[in-house]
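Notes follow the structure.
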Amino acid sequence: MSKVCQITGKKAMIGNNVSHSKRRTKRKFNVNLFNKKFYWVEQDIWITLTLSAAGLRTINKKGLNAAIKDAAAKGYLTEIRTLA
């Protein structure tokens, strides 16, 4: 399971830790990811998605079906886990 949002495609960024003396060391900025369960009405199934907070806002704005279609068209959504 990779640390990538399945709706927006957001993933970790690389940056610098900057100390008081301005010494720079590499660090990683992780994405605010969580697993969320949704009922997909059009398919009549429960699915689990790995989302960022921005991905959840996108689903609230567009709707689940439209967000999934957009993510699949952009190549972010590779696998949907279903709950039987």
Side-chain angles (χ1 to χ4, degrees):
M1 189 70 186
S2 62
K3 296 181 180 180
V4 178
C5 176
Q6 290 182 311
I7 297 296
T8 61
K10 287 189 173 194
K11 54 186 175 181
M13 293 174 32
I14 304 295
N16 289 317
N17 258 339
V18 183
S19 68
H20 179 70
S21 65
K22 305 293 190 270
R23 184 179 175 93
R24 285 160 171 81
T25 56
K26 287 293 185 185
R27 65 162 289 186
K28 188 182 275 192
F29 293 94
N30 287 320
V31 185
N32 183 16
L33 288 180
F34 43 89
N35 294 321
K36 185 81 173 141
K37 196 162 63 169
F38 293 98
Y39 182 69
W40 195 1
V41 178
E42 288 79 10
Q43 300 290 325
D44 193 34
I45 55 172
W46 284 92
I47 60 170
T48 302
L49 296 173
T50 302
L51 295 173
S52 63
L56 186 60
R57 293 181 70 212
T58 302
I59 288 174
N60 286 338
K61 183 178 180 180
K62 292 182 178 180
L64 180 63
N65 199 36
I68 287 176
K69 283 183 182 178
D70 290 347
K74 292 179 182 176
Y76 302 143
L77 189 64
T78 56
E79 174 191 357
I80 298 177
R81 293 186 309 263
T82 60
L83 305 172

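Along the sequence shown, the residues carry numbers beginning at 1.
- Partners of Thr78 by side-chain hydrogen bond (donor to acceptor under 3.5 Å, both in side chains), not counting sequence neighbours: none found.
- Residues meeting the side chain to side chain contact (heavy atoms under 4.5 Å, CB included) test with Lys22, sequence neighbours left out: Val18, Arg24.
- Asn17 meets the side chain to side chain contact (heavy atoms under 4.5 Å, CB included) test with Thr25, Arg27; sequence neighbours excluded.
- Met13 forms part of a hydrophobic cluster together with Phe29, judged by ILVMFWY side-chain heavy-atom separations under 4.5 Å.
- If you chain together ILVMFWY residues whose side-chain heavy atoms come under 4.5 Å of each other, Ile14 ends up in a group of its own.
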Using atom types as modelled, flag every donor-acceptor pair under 3.5 Å from a side chain in residues 64-75 to any protein atom, sequence neighbours excluded.
{"from": "Asn65", "atom 1": "OD1", "to": "Trp40", "atom 2": "NE1", "distance (Å)": "3.1"}
{"from": "Asp70", "atom 1": "OD2", "to": "Lys62", "atom 2": "NZ", "distance (Å)": "2.8"}

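- The cluster map of Ile, Leu, Val, Met, Phe, Trp and Tyr, joined by side-chain heavy atoms under 4.5 Å apart, puts Tyr76 and Ile59 in different clusters.
- Under the side chain to side chain contact (heavy atoms under 4.5 Å, CB included) criterion, Ser21 pairs with Ser19, Arg23, sequence neighbours left out.
- Contact of the Arg81 side chain with the Thr50 side chain is registered, since non-hydrogen atoms from C-beta on lie closer than 4.5 Å.
- Remark: Asn30 pairs with no residue by the side-chain hydrogen bond (donor to acceptor under 3.5 Å, both in side chains) rule, at least two apart or across chains.
- Applying the ring-ring contact (aromatic ring centres under 6.0 Å, His included) test to Tyr39 and every residue at least two apart in sequence or in another chain returns Trp46.
- Here salt bridge (Lys or Arg N to Asp or Glu O under 4.0 Å) pairs that include residues 37-46, with residues two or more places apart or in two chains, number zero.
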